[in-house]
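Notes follow the structure.
Values in this document were obtained by computation on a predicted structure and should not be read as measured data. All values below come from the heavy atoms of this structure, side chains included, with hydrogens, waters and symmetry mates left out.
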Amino acid sequence: MPGTKERVPAVEGWFTTGPEPRLIGSKCSACGTFFFPKRTGYCNNPDCGSNDIADTELSNRGRVWSYTENHYAPPPPFVAAQPFVPYAIAAVELEAEKLVILGQVVGNWHAGDLQVGQELTLVIDTLYEDDEKEYLIYKWSP
C-alpha cells in the first residue's frame, strides 16, 4: 500500500505485536522464576543457579503496583515527542507471574488518574516514526 510505513519494534524481542500483544520474557525451568526482559545464561534466583532458561510469553494484564508522572524528556539516545508532554509511568504486577514490569501509560492518562490495584492491559503504541518506519513500544492501558 503506497505511503504505508513498516511497523517495527523499537526494541527487538521484547514483545509480540499480534491482536493480543504479549511481553516476551524468560522462565527458569528449574525453579519457575520469571524474568523480563528475556535473558539467557543462568537463573538470577539466588536459591537456584540453573542455566535452563526458556523464552516465554508473559501475561498481558496486571494491576498497578506503583506509579509516577514523568515531567522530563529522556536524554538521547532515547526519543521523546516534540514538544515534550508529561506522561504517567506504571509499575504493573502481572497476574500469573507476579512479576512487576515498568512501562509508560497510554494517551492522556496521568498519575492522578491511576490507583494502586487498578487493572491495566498491555497495548502496542508508536514510540516515534522516521521517513520509512514506525517504531513500536509496549505501554499499559487502563
Legend entry - Stepwise side-chain hydrogen bond (donor to acceptor under 3.5 Å, both in side chains) check, Tyr135 with Asp130: CA-CA 8 Å; Tyr135 296 89; Asp130 63 20; 3.0 Å; yes
Legend entry - Separation of Asn70 CG from Tyr72 OH (nearest 0.5 Å): 9.5 Å
Legend entry - CH2-CG distance between Trp140 and Leu102, expressed to the nearest 0.5 angstrom: 10.0 Å
Inset, instruction - Using a strict 4.0 Å threshold on nitrogen-to-oxygen distance, state whether Glu129 and Lys5 make a salt bridge. - result: yes
Legend entry - Contact check, side chains of Leu94 and Phe34, non-hydrogen atoms, under 4.5 Å: no
Inset, instruction - Measure the spacing between CG of Asn45 and OG1 of Thr33 and express it to the nearest 0.5 Å. - result: 4.0 Å
Inset, instruction - Taking the six-membered ring for Trp and the single ring otherwise, decide whether the centroids of Tyr87 and Trp109 are under 6.0 Å apart. - result: no
Inset, instruction - May I ask you to test the Arg63-Val92 pair for a side-chain heavy-atom distance under 4.5 Å? - result: no
Legend entry - Among Lys98, Glu95, Glu97, the one residue meeting side-chain hydrogen bond (donor to acceptor under 3.5 Å, both in side chains) with Ser59: Glu97
Inset, instruction - Assess Arg39 against Phe36: is NZ or CZ under 6.0 Å from the centre of the six-membered ring, and within 45 degrees of the ring's axis? - result: no
Inset, instruction - Might you point out which heavy atoms bring Asp52 and Ser50 nearest each other, and give the distance in Å? - result: N-OG, 3.0 Å
Legend entry - Separation of Ser26 OG from Ile53 CD1 (nearest 0.5 Å): 6.5 Å
Inset, instruction - Output the distance between atom CZ (Phe84) and atom NE2 (His71), rounded to the nearest 0.5 Å. - result: 8.5 Å
Legend entry - Check: Trp14 and Ile24 side chains under 4.5 Å, non-hydrogen atoms: no
Legend entry - Modelled atom types, side-chain donor and acceptor of Thr16 and Glu57, under 3.5 Å: no
Inset, instruction - Kindly indicate whether the side chain of Val105, heavy atoms from C-beta on, has any atom under 4.5 Å from the side chain of Ser141. - result: no
Legend entry - Glu20 CD: over 12 foreign heavy atoms closer than 6.0 Å: no
Legend entry - Expected output: side-chain Gln104 to main-chain Lys139 donor-acceptor under 3.5 Å: no
Legend entry - Pairwise side-chain contact, Val64 with Leu120, heavy-atom cut-off 4.5 Å (strictly under): yes
Inset, instruction - For Phe15, check ring pair (Phe, Tyr, Trp, His ring centres under 6.0 Å) against everything at least two apart and list the hits. - result: none
Inset, instruction - Group every Ile, Leu, Val, Met, Phe, Trp and Tyr by side-chain heavy-atom contacts under 4.5 Å, then state whether Phe35 and Tyr138 land in the same group. - result: no
Inset, instruction - State the OG1-CG distance between Thr56 and Leu23, to the nearest 0.5 angstrom. - result: 11.0 Å
Inset, instruction - Find out whether Tyr67 and Val116 are in side-chain contact, i.e. whether some heavy atom of one side chain is under 4.5 Å from a heavy atom of the other. - result: yes
Inset, instruction - Decide whether Thr126 and Glu134 meet the rule of one side-chain donor and one side-chain acceptor closer than 3.5 Å. - result: yes
Legend entry - Test item: side-chain donor near acceptor, Arg61 and Thr121, under 3.5 Å: yes
